[in-house]
S.K.: 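Before anything else, here's the structure in question.
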There are 2 protein chains.
Amino acid sequence: MSTPRKRGPKRTLSEERVTETALALVDREGGAALSVRRVALELGVRPNALYTYVPDRAGLERALVEWVMLQADLAHLDGPARAWRSRIRDYALALRTALLDHPAVAPLLMTAPMDGPAALAVGERLIAAFEDAGLTGKAPARACWVLIVYVVGAVALDVAETDGTLPLASEDDRVAQRRERFAFVPAEDWPRTAASTGTMAEWVTERQFAWGLDRVLAGLAG
Amino acid sequence: MSTPRKRGPKRTLSEERVTETALALVDREGGAALSVRRVALELGVRPNALYTYVPDRAGLERALVEWVMLQADLAHLDGPARAWRSRIRDYALALRTALLDHPAVAPLLMTAPMDGPAALAVGERLIAAFEDAGLTGKAPARACWVLIVYVVGAVALDVAETDGTLPLASEDDRVAQRRERFAFVPAEDWPRTAASTGTMAEWVTERQFAWGLDRVLAGLAG
DNA sequence: ACCTGAACACCGTTCAAGT
DNA sequence: ACCTGAACACCGTTCAAGT
């Protein structure tokens, strides 16, 4: 099938190629398909060849996180001080979209420390936006943390609901899936849960995300 | 070492034994140590014997999540309507504590759908508490979701910072670890981040968690 | 420096066979 | 019904050896 590769220095790969191949793989087949060996196979190379470009599996995952975080345009956080709310709101929505575009990467955000350059850049700009909102002292950095927790946590819970099916189903389909799952909650035991089935089915929607985002922002910088 | 076990129906195990053995294992050696084979070894049984008590690895993980969620006493959510804020606050703090007591389980919460009986019970009581806070219509269920996102997301990010070291280090030690990591952020590139090093080191503390919790609650039911 | 070949110590899961 | 034995198709990672 493939002509057996000779040895020697080829430099056929690069960290970018490895990362993008891994991303395409998980986008196509889901997070469970991610493995050093699988990415190597995709690149037509032996498994251990990847260790020239990536320290280990964890490093590969970190690269994926960095790549996806960079897709959310930080320019959303620019603008006049008085527009701080819409600046943060727009960026949060953009970050959510970027993560949902690559759902297999979302869980990786919650599994490794967020200390890459991309995360630092987000933190820096977000703190500035909260300063524009009038927060002082420790409050801007603390508010930044709360916002990240909300965005990343919301996406991770969303993806967890409907993993295995990749690429992620449409919002409507995911709502339908959740509705079906909650249809069997017995109303005697969990009356409020049963009554809220429709609302809980919407937990995966942008509308619900935006609702929560607005409340969180109101609490942080009313 | 161990006398080779005969075949035949023994019923030496139970789902509880399997779950508790797995929990003890991850508490002792961290989440990376969790495997069907490892738990079987711990129980003195062949790997495939576990499939009598647990459907698969995912089922084992779900059992761990259920077990840990049940450790947070739902009675915190009881009380007079006017005390809704402290009821929710106390429960959120208890859930955080339960999760941090078994840090390896926290990531599993964000990886699988939260639709077990324990999660349903939490949702039901939490919705009731938000109704006591004066929310009506879809708002109680939506607020419930936001609160769960905050608590679970905050703990998952906390654990992600300092995984590998298990049992989880003390709060003071984790703060020191974070401070050390951020000490090298160059102030020219990230002035606000560098200036906030102290505050960001506190992201793993109960104080920071409670600060955010109070803001989130204020936004949800000010 | 970069890649291969081979190996090590693991995985989850299935299935026939014994009791 | 419950467990073993054996097997299958995978993992991440290391290391000596070739170019």
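Letters A, B, ... mirror the listed sequences (proteins, then strands); counts begin at 1. Computed from heavy atoms alone, side chains included, the values below leave out hydrogens, waters and symmetry copies.
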S.K.: Report yes if at least one side-chain N or O of Y51(A) is closer than 4.0 Å to OP1 or OP2 of dT13(D); otherwise report no.
M.R.: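 Yes, Y51(A) has a side-chain N/O under 4.0 Å of OP1/OP2 on dT13(D).
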
S.K.: Please report the distance, rounded to the nearest Å, between CZ in R46(B) and C1' in dA17(C).
M.R.: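 R46(B) atom CZ is separated from dA17(C) atom C1' by 15 Å.
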
S.K.: Looking at S196(A) and T199(A), would you say the former's side chain and the latter's main chain have a donor-acceptor pair under 3.5 Å?
M.R.: no

S.K.: Quick one: does any side-chain atom of Y150(A) pair with a main-chain N or O of G153(B) as donor and acceptor, under 3.5 Å?
M.R.: no

S.K.: Given R62(A) and E66(A), is the salt bridge (Lys or Arg N to Asp or Glu O under 4.0 Å) satisfied, shown in steps?
M.R.: CA-CA 6 Å; R62(A) 279 196 302 271; E66(A) 281 288 309; over 6 Å; no

S.K.: Identify the two heavy atoms, one from R96(A) and one from T205(A), that lie closest to each other, and give their separation to 0.1 Å.
M.R.: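 Closest approach of R96(A) to T205(A): NH2-C, 3.5 Å.
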
S.K.: Write down the distance between CZ (R57(B)) and C1' (dC10(C)), rounded to a whole number of angstrom.
M.R.: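 Distance, rounded to whole Å: 13 Å.
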
S.K.: Using every non-hydrogen atom in the two residues, find where R174(B) and A169(B) come nearest and quote the distance to one decimal.
M.R.: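 Of all heavy-atom pairs spanning R174(B) and A169(B), the closest is NE-O, 3.2 Å.
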
S.K.: Please report the distance, rounded to the nearest Å, between CG in L50(B) and P in dC11(C).
M.R.: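 In whole Å, dC11(C) P lies 12 Å from L50(B) CG.
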
S.K.: Relative to each other, are the rings of W203(B) and W145(A) parallel, tilted or perpendicular (30° and 60° limits)?
M.R.: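 It falls in the tilted class, 30° to 60°.
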
S.K.: Among the candidates dG12(D), dT4(C), dG12(C), find the nucleotide nearest to the side-chain atoms of V36(A).
M.R.: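 It is dG12(D).
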
S.K.: Look at the side chain of E202(B) and the backbone N and O of R207(B), then say whether any donor-acceptor pair between them is shorter than 3.5 Å.
M.R.: no

S.K.: Considering only dC3(C), dT4(D), dC2(D), which nucleotide approaches the side chain of T52(B) most closely?
M.R.: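 Closest of the options to the side chain of T52(B): dC2(D).
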
S.K.: Check this one for me: any side-chain N or O of T12(A) less than 4.0 Å away from OP1 or OP2 of dC3(C)?
M.R.: yes

S.K.: Would you mind reading off the distance between L60(B) atom CG and dC11(C) atom P, rounded to a whole angstrom?
M.R.: 13 Å

S.K.: In whole Å, what separates the C1' atom of dA9(D) from that of dA9(C)?
M.R.: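 These two C1' atoms come out 16 Å apart once rounded.
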
S.K.: Taking the side chain of A49(A) as its heavy atoms from C-beta onward, which of dC3(C), dT4(D), dC11(D) lies nearest to it?
M.R.: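 Shortest atom-to-atom distance from the side chain points to dC3(C).
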
S.K.: Describe the nucleic acid contact of R37(B) in one word from base, sugar-phosphate, nothing, applying a heavy-atom distance below 4.0 Å.
M.R.: base

S.K.: Which nucleotide, dC3(D), dC2(D), dC11(D), lies nearest any side-chain atom of R11(B)?
M.R.: dC2(D)

S.K.: Counting Watson-Crick and G-U wobble pairs whose two distances are both under 3.5 Å, find the runs of 3 or more in a row that involve DNA chain C.
M.R.: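 Consecutive-pair runs (3 or more) involving DNA chain C: C:4-8 with D:12-16, C:12-16 with D:4-8.
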
S.K.: In terms of the nearest nucleotide of DNA chain C, which residue is placed more toward the 5' end: Y53(A) or D56(B)?
M.R.: Y53(A)

